[in-house]
Amino acid sequence: MAKSKQVFFCSACGNETPRWQGQCSACGAWNTIVEQPAAPKKQGAARTYDAELGASHKPVRLKELDTETELRFFTGMDELDRVLGGGAVRGSLVLVGGAPGIGKSTLLLQICSRLCDFGKVLYVSGEESERQIKLRADRLKVSSDALYLHCETDMGTVLQSVAELKPEFLIVDSIQTVFDESQDAAPGSVSQVKSCTMTLMHVAKNYGVTVFVIGHVNKDGAIAGPKVLEHMVDCVLYFEGDPHSSYRILRAAKNRFGATNEIGVFEMENDGLREISNPSEMLLSGRPEDASGTCVTCVMEGVRPVLAEVQALVAPSSYATPRRTCNGFDFSRGAMLMAVLEKRGGVKISALDAYINIVGGLSVDEPGADLACVLALASCYFDTAIPSDFAAIGEVGLTGELRGVSNLSQRLSEVRRLGFKSCMIPALRRGEVPAVDGLEIIQISSLSEALRQLFGKGRRSDRT
Ligand code: TYD
Ligand code: MG
């Protein structure tokens, strides 16, 4: 018998190489190349049921396509709909990734009750038994005649049920447990995950079924095995959260039908996930009073202004090279701000360990949080607390200048709404300052001026 051909895959990004190598040439990861039998060139399970479902594979004229029918389904959860770009698009494939136990199955089962209003829903689970799902559904108060459960891991059988049932929605929990018989590899391996996703994509695109797929995330935060998955699907949503807190953040990493900078915030309760429509309140809850090293800022998450608390700690270092850690904040931006603070603000922190943390599991990647970050660092350095009703918004440049940010009036209104009394912003030309009732607006043109105002310290001039 001829030896089956072996191929090599990177288990981190899914890149295929003809031979083993120590480092993946695509993603640069070390020791991630694994050997697997090559996928046979036979047709996967996908097309077996085409005739029954009336799918065609003929070219169509662009003009004849009707875009009016881009149908969106509302899931009944505004937070999820917003992250999806205004509801789930009919015939799309949405991948929901997240660490085990974060609430992916709960989220998808919970939206079933609403999805059932639009048509049949088939919930395929390779992880739990029908009884377990029923118990969970009872807890979530989900009960509908249009909801079908199928505990199955064979893709062929799943397709058969799709062909028989003709559901409007298909939920697969999880992609790592299903397998395609035409592949020799074990479930969860790169080629299986790839092949099953391809089959589900086929189901979504050709039969117009809206598919939600759950994918587990590995230790490094990537969806297990495969970056390949991200390329194939229409939307990638990550469900994140601190395991010790009940708050969960849903974030879009890719969306072919909407923006990717929206977030949805949920709280896990006894009877399922509850939407949090005012995330600022949640992110600021439990904020310490009169503690040094913390400052509140306002960042835009999509179209929503959200208040975030930036915490910083500087401490004497016991190493020759001081440690720098950023959590929820871009590392290089953090390092740059520390250098600006040292050089332009005269705060000597280069020999100290420094840590920056954004509270509540939020990750901030916009420059509007710069000023709060340097003020938190300086506050810790001087051991002087910033008033608890003070917020700071602005980008810090390399010369220590403060630069404007977008959507200032929206941000200031949010700051006011949460009871803050004063807010520091970059100096604007007269007439441009949005007036917000009851909020003192402090206009500052440079970092050293901000340090002098708040701590009475810092350089007279920004020049060295
Ligand atoms: P689950 O959705 O099973 O996580 P995943 O599918 O992402 O692995 O969620 C499991 C956790 O959620 C579990 O620790 C219990 C908790 N939970 C609640 O707190 N309330 C609930 O109503 C449900 C269904 C789960
Ligand atoms: Mg689960």
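Each ligand, and each atom within it, is numbered from 1 in the order the structure gives. This is a predicted model, so every value here is computed, not measured. FYI, side chains are in, hydrogens and waters are out, and symmetry mates aren't considered; it's all heavy atoms of this structure.
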Using a 4.0 Å heavy-atom threshold (strictly under), name the region of [X] that reaches ligand 1: side chain, backbone, both or neither.
X      : result
Ser105 : both
Asn270 : backbone
Arg139 : side chain
Asp271 : backbone

Tell me whether [X] has any N or O atom under 3.5 angstrom from an N or O of ligand 1.
X      : result
Met268 : no
Leu140 : no
Gly272 : yes

For [Y], does its backbone N or O pair with a side-chain atom of [X] as donor and acceptor, under 3.5 Å?
X      : Y      : value
Asp353 : Pro322 : no
Arg324 : Gly334 : no
Gln311 : Ala376 : no
Glu275 : Glu79  : yes
Arg90  : Thr210 : no
Arg72  : Gly85  : yes
Lys421 : Leu439 : no

(request) Go through ligand 1 atom by atom and flag the ones less than 4.0 Å from a non-hydrogen atom of Pro100. (result)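 Close to Pro100: 8 (O).
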(request) Please identify which atoms of ligand 1 are closer than 4.0 Å to at least one heavy atom of Arg136. (result)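 What qualifies from ligand 1 is 1 (P), 2 (O), 3 (O), 24 (C).
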(request) Taking atom CD of Glu289 as the centre, report whether more than 12 heavy atoms of other residues, nucleotides or ligands fall under 6.0 Å from it. (result)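 Counting other residues, nucleotides and ligands, CD of Glu289 stays at 12 neighbours or fewer.
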So which heavy atom in the protein is nearest [atom], and how far is it from that ligand atom?
atom                    : value
atom 2 (O) of ligand 1  : Thr106 OG1, 2.5 Å
atom 4 (O) of ligand 1  : Gly103 N, 3.1 Å
atom 13 (C) of ligand 1 : Gly101 O, 4.6 Å

(request) Please verify whether a non-hydrogen atom of Gly98 lies at under 4.0 Å from ligand 1. (result)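 Contact check Gly98 vs ligand 1: negative.
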(message) Taking only non-hydrogen atoms of Glu269, do any sit less than 4.0 angstrom from ligand 1?
(response)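 Right, Glu269 reaches ligand 1.
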Quick one, [X] and [Y] - any side-chain contact, counting heavy atoms below 4.5 Å?
X      : Y      : answer
Asp180 : Gln192 : yes
Cys380 : Tyr355 : no
Thr199 : Val178 : no

(request) Evaluate the 4.0 Å heavy atom contact test for atom 15 (C) of ligand 1: does a protein atom fall under the cut-off? (result)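 Within 4.0 Å of atom 15 (C) of ligand 1, no protein heavy atoms are found.
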(request) Ignoring hydrogens, tell whether any protein atom lies closer than 4.0 Å to atom 11 (C) of ligand 1; use the non-hydrogen atoms only. (result)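 Looking at atom 11 (C) of ligand 1, one finds that a protein heavy atom does lie closer than 4.0 Å.
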(request) Using a cut-off of strictly less than 2.8 Å, determine whether Ser105 has an N/O/S atom near the Mg ion (ligand 2). (result)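 Under 2.8 Å: Ser105 contacts the Mg ion (ligand 2) through an N, O or S atom.
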